[in-house]
Amino acid sequence: MTRLVPPPLLSALKSGFGTPLASLLTFLAAGLVLTVSWSAAGWLFVNAVWPWQAAEACQVNTGICWPFLVEKARFILFGTYPAGQHMRPAVVSVLLIALTVITCRQMTGKPPHLSPVQLICAWLVTVPLCFVLMGGGVFGLEPVDPVRWNGMPILLMLSVIAIVLAFPLGLALALARTQTTHKGLSWAAAGYVEATRAVPMLTVIFVGIFVLPLTLPEGMSISPVTATLVALIFFHASYFAEDIRSGLISLPRGQTEAARSLGLSYWQSIFFVGLPQAIRRALPALVNSMIGAYKDTSLVIVVGILDLTATARASFGDPGWRDHALEAYGLVGVWFFLSCAYLSSVGRSLHKQTKG
Amino acid sequence: MIPPSPPPPVKRRIRLSDVFVLSGIAVLLAFALANIQANMAAAGVHPGFGFLTKEAGFDVSETLIPYSPGSSYIRVILAGLANTVFLAGVCIILATVIGVLMGLVSVGPSPAGRWLAVAYVELFRNLPKLLVLLVLFVAAVNGLPHVREAMSAGPFHLSNRSLNFPVPLWDGKGWILLLALAAGLILPRLIEAHLQKHWGRSTPMPLSVLIGCPIVCVLAASVLFQVPSGFSVPELKGFDFQGGARVSLQFCVIAVTLGIYHGAQIAEVVRGGLQSVPKGQSEAAQALGLTRSQTIRLIILPQVIRIIIPPMNNQYVNLIKNTSIAIAVGYSDLMSVSGTVINQSFKPLEMMLITMGLYLVLCMSVATALNTYQARLIGRETR
């Protein structure tokens, strides 16, 4: 005899209201969801002031004020960058986003299929290009002081470029720590990685802003943006080093031993046998660390660098727009949510690949 | 592992390359230090820690230890450290409570509850903590009432300036309760040891005694010695509250931010821990005739705790480090105090060494404590 299977709705109801505790939870959760979606719908649609309406309506209506976003969108994206030159930060942002997406697709095995060498070359060209485009002063581009590099491009530069440059440093630290021939080097790497991981990112940024300029010989100077970038590279590198190291030590010893016995040199056995496998194993953890690094970049606001979060905070500073903090922060929140969700999905598919 | 195969015979010879690498690092450091010395001399500042005993001269909005602008730099750093420790303690409790509750809901019987827990975790995993902090801060400053119209729940008052709450009056007799608590914690152990010695019984004390004994001891001491003698209750007088204790709005907002931000991550840890215990474990326990609460207490919980301690350790260390975002809303924690000191005294290297050292010690001690606890748990099992 076949057992009767209850229809899905009925079984959901049964599990949702099966016991007193379950019903209580269901009521609480449903109540919370309904309240939140009710007020969200009111704010987003019912009381909204639409982009084609006059901005004065925002004084009366309590909902989202689209005219505010329309007027301030450029400021939130590019901050105080000279208005006539907005094409440059826009190109930098698009370049960095596009190259990040291509790299992520590459990792998960989707087209366009580039060779690792092509990918590395693309990054090597893009990173200096970003600085040239933002700073100007060559090729007839109007020079722009780093203080005016604001909003989206600075967020992307301080996150994407820091991550890209921190990766090789992290790799070197991980290799230095796992090798056993040079004890001193291994201890130095271990000490550096452990110390950096036990202090807040803000202290490292402070070191970059306040101490780094002091260590330069007389006559040399460093802009706050570059100092922060250097600090972030050194900070993220220790996290990446730890991820790569766990990938390295998870490899069976026989792998490198076999490579060595086949006559490969130490560096050959590392680059052709050890590292490719170790990085593949470490990728899910690495992607997690990268998402964390990307989200934490917003902390640069503390040392006076105006990234996306900071321009959003400044956008509702004018007397007329004081009540529209939620719109500005909402825009930034949506951007972070979408970009992080994309990166997490990359992490998840990498996780599946390494398991399968 | 990377290193080439068969381990070479140990040679106690110092390698030349090692000397090169280490002396290279040393030369770089010396170069940087020499430059710092030269640059600071050019600015007319002498490096060194002597400034610590000088007068700080700036005020700190809320402190747990006595402090005035006339106090020394050491004292202001200690005040900041005390604020950081207090903030971290409150955040750890808040995040653990939220995380464990949401973790339980996410494996609970109600589909609506599970859905809500997933939405909560996903939302806060994909947002920067600074953004959450700034949004909550703006919402709290604009949304909460002015001090004179503070929201009140009994003796608790929340306004857009502070949270005021009653505190017990100890009259310097608080140590009696601590003593009673210690006695209540030790007593069951003594009885246990006594039973084992004289009766050869090694049954552990029931949980109700282990928890109940300290509570009874503290209550008895409290009634016997009249400790606390009363409560100091905040009351609205003029433009602010008098009496009781207060924490600033900044403190509350940071605590709530880190509570829900890390709560989401702890919920994931708890969910993973709960789901990693095979179903057969609880089925076997029930087949042996254990009750539901016995199954949870003796079979499920010990396994879950063993699994989640390392990731929880990680979370707590991250949380302590993340309290440094307090500087973004102007709460005087260690980070923001040291920022002010740097701006005033122009001793960035010395101050950053102190600050990083203090954070290092703080994080390491929490991590070591939890690691020791886990080692004890594992040790007990294999005994």
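So that the names make sense, note that chain A is the first sequence line, chain B the second, and so on, each numbered from 1.
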Asks: Flag the one option from L349(B), N322(B), L127(B) with the top tally of heavy-atom pairs under 4.5 Å to chain A.
Replies: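 Among L349(B), N322(B), L127(B), the one with the most close pairs to chain A is L127(B).
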
Asks: Which one of L338(A), L212(A), I301(A) has the most heavy-atom pairs closer than 4.5 Å to chain B?
Replies: I301(A)

Asks: Spell out, as yes or no, whether a donor-acceptor pair under 3.5 Å connects the side chain of Y120(B) to the backbone of A264(B).
Replies: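 Indeed, once roles are kept as given, a pair shorter than 3.5 Å links the two residues.
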
Asks: So what's closer than 4.5 Å to chain B heavy atoms on V204(A): side chain, backbone, both or neither?
Replies: both

Asks: Is V302(A) close to chain B through its backbone or its side chain, or both, or neither, when contacts mean heavy atoms under 4.5 Å?
Replies: side chain

Asks: Can you tell me which of L358(B), N142(B), L134(B), I325(B) forms the most heavy-atom pairs within a distance under 4.5 Å of chain A?
Replies: L134(B)

Asks: What is the ring orientation for F234(A) with Y192(A), classed by angle as parallel under 30°, tilted 30 to 60°, or perpendicular over 60°?
Replies: perpendicular

Asks: Below 4.5 Å from any heavy atom of chain B, which atoms of F27(A) appear? Answer side chain, backbone, both or neither.
Replies: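 For F27(A), neither part sits under 4.5 Å from chain B.
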
Asks: So what's closer than 4.5 Å to chain B heavy atoms on T203(A): side chain, backbone, both or neither?
Replies: both

Asks: For A341(A), which atoms come within 4.5 Å of any heavy atom of chain B: side chain, backbone, both, or neither?
Replies: both

Asks: Is it true that E242(A) and R245(A) make a salt bridge, defined as a side-chain N closer than 4.0 Å to a carboxylate O?
Replies: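 Counted as a salt bridge, because a side-chain N and a carboxylate O are separated by less than 4.0 Å.
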
Asks: Could you have a look at C363(B), S324(B), A367(B) and say which one has the most heavy-atom pairs with chain A under 4.5 angstrom?
Replies: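 Counting heavy-atom pairs under 4.5 Å, the top option is S324(B).
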
Asks: Is there a donor-acceptor contact under 3.5 Å from the side chain of K129(B) to the main chain of H262(B)?
Replies: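 Such a contact is absent between K129(B) side chain and H262(B) backbone.
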
Asks: Please flag which part of L343(A) lies under 4.5 Å from any non-hydrogen atom of chain B: side chain, backbone, both or neither.
Replies: neither

